[in-house]
Structure formats: structure tokens, C-alpha cells
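Notes follow once the structure below has been shown.
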Amino acid sequence: MNNPVYINGEFMEYEAARIDLEDRGYQFADGVYEVINSYNGKPFRMIEHFERLKKSAAALEIKVSDYGQLQADAEELIRRSGFTDASLYLQITRGTEPRSHAYSDDLTPNIVMTVKELKNHPDEYYQKGVKAITLPDERWSRCYIKTIALLPNVLAKKKAKRAGAFEAIMVRDGFITEGTSSNLFIVRDERIITPPATNYILNGITRRVILEEAAKLGFTVLEESISLGELFEADEVFLTGTTTEVMPVVEIDGGVIKDGKPGKITGKLFDHYRGLLG
Ligand code: PMP
């Protein structure tokens, strides 16, 4: 197949794929998702992504009958794509029914998976670092659910792009939460700090890998609130995410972080992270 996709248990060509106009994902953003990268044919941290997917779906009362089969199908779709390095998008919506806010209890979810060839960000971003802006976090208070309702993230990311920045760092009550599609870390006095995994952030798989691996490398790692002031005073700032990997941030709202160059610890973590991928 040239561009295989998966819908509700079946593999087919992209062109043949159909979803009902009354899918609740389409009308209400009533669904959850995951993005899983596969390197050299091996999905990275698939189990953790599926654990988070289950939690997200359960939080919204979306019931999937067989996650084991779904995981096998995800692996099969990656295999069918033929890509050595692939990025899988998996979306589960509550299902299809005539539009009405209150949902029926017995809906069958619509499960869709697509796969693309994995394209890394340009090397230059990692070598020179990227810019970011800060914006108020305008999302709801259940950000730990990886829902497809991403409008605040979408609008904030667009503002960042318009400002010539890579990412918008969101701020709630004077404290950093995360990026629009990434988690945030700072380094201060050689200690690696990231905001705690409360309901106000998505607990990224990459975030968890970095916390674990940095500790293994002997660094002090802390999950602590980071004020806006602490962000600007940091020795190093970096973002993490499945697509973002470990991305140095060297300028925020026009002010440089330290000497305006990617930090040494960030570089070390980036190299280490790359080494873990297939
Ligand atoms: N926070 C948000 C809001 C995100 O959308 C993402 C990426 N989906 C992340 C953090 C990073 O998560 P992960 O490391 O699991 O890709």
C-alpha cells in the first residue's frame, strides 16, 4: 500500500478512508490522541504511550474494547507503511451519532491511525537553539488528558510562529506550565528542573524519559514550579516532546538566556536521548 491508514479495525488506502460527518471528534473535538515515533521499525516507548492513551480515554469515559489488538494494529500499520523512521498518529473519538452535546452511553468509538515518514526538525535548531515567547495559558484545567481539543494550543503556536519563534511557553498564575506541544525544563546551578505533573500539564513521555535518564546520568532532577522570573534567570532552558526531542531555547520574549547559546547539559541530554532512539 502507498499510504495505508487504519479505521475501526481495517487497513486501507488513504483515499478510501471515510469518517461520518457526525463523528463527535469532528463536531465537538470529543476525542483523544497519541503521536508515537518509530525508529528503525521499532516504536519508541509504545507501552507508555498506550498507558497514557488509556488514561486519557478513561478520563472522558470513552471505552475501547481491546487495547492489545489496537497496539498490534498500530505496529502493523507502521510495518505496512514501509518507512524506516515513522510517525504514527492515533485518534480515538467517542463515536458517531446525531449532533447533541450529551452523548449516548453505548457509542462505539471511531479509531483512526495514519502514518507519515518521520521528519526531524533541522539540525540547526538543535545546534543553535530556538526562540520562544511566553503567553497566558488559556486552556482548561484538565490538561493531563491528551484530547484533540487543541484550539488554545493552536492559536498560541500560531502567535509564536508570527513572532518568529519556535514555541509559545504558557504561563498560569505567574508559573510556567509547558509549551503548546512540548514540556519545559530549566537548568539552574546544574540542577534540572521541570514543573510537576499536575492536571495543568500533559505529562510528556519524553519528559519522563529525560527525568529518568538525567537521574541515571547523575544529575539532580527536580519537579518544582518555575516562576516566570526563574525562567528568565535560568542557566539553560529546553523543551521536550516526541517531535521536539530535546530542543534548546536561547531567547525568550526577545531576551537571551545566559550567553544565548544552547547549554552544555541540554546538549548532553540531547545526545543521550538521540542515542536511545532505535
Ligand atoms: N505537552 C503538550 C501540550 C503536548 O501536546 C505534547 C506533545 N503531544 C507534549 C507536552 C510532549 O509530550 P510527548 O513527550 O509525550 O510527546
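Computed from heavy atoms alone, side chains included, the values below leave out hydrogens, waters and symmetry copies. In listed order, ligands and their atoms are each counted from 1. Starting from 1, each residue takes its place in the sequence as its number.
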Taking both backbone and side-chain atoms of [X], is any N or O found less than 3.5 Å from an N or O belonging to ligand 1?
| X | result |
| --- | --- |
| R139 | no |
| H49 | no |
| R207 | no |
| I205 | yes |

If the cut-off is 4.0 Å to any non-hydrogen atom of [X], which atoms of ligand 1 fall inside it?
| X | answer |
| --- | --- |
| G204 | 12 (O), 13 (P), 14 (O), 15 (O) |
| G241 | 11 (C), 14 (O), 16 (O) |
| S182 | 1 (N), 2 (C), 4 (C), 6 (C), 9 (C), 10 (C) |
| T242 | 13 (P), 14 (O), 15 (O), 16 (O) |
| K146 | 5 (O), 7 (C), 8 (N) |
| E178 | 1 (N), 2 (C), 3 (C), 10 (C) |
| R52 | 12 (O), 15 (O) |
| T206 | 13 (P), 14 (O) |

Checklist outcome for this item: Looking only at heavy atoms, the pair that brings L202 and Y144 closest together is CD1-O, 3.6 Å
Note: [X]-[Y] ion pair, threshold 4.0 Å (strictly below):
| X | Y | answer |
| --- | --- | --- |
| R52 | E34 | yes |
| R139 | E178 | yes |
| R80 | E76 | yes |

Item to check | Check: F44 ring centroid to H49 ring centroid under 6.0 Å | outcome: no
Taking atom types as modelled and ignoring hydrogens, do the side chains of [X] and [Y] form a donor-acceptor contact shorter than 3.5 angstrom?
| X | Y | value |
| --- | --- | --- |
| D30 | T93 | no |
| N110 | T96 | yes |
| T180 | E167 | yes |

Next on the checklist: Looking at D66, I want to see if its CG is surrounded by more than 12 non-hydrogen atoms of other residues, nucleotides or ligands under 6.0 Å.
Outcome noted: yes
Checklist outcome for this item: The protein heavy atom nearest to atom 5 (O) of ligand 1 is S181 CA, 3.4 Å
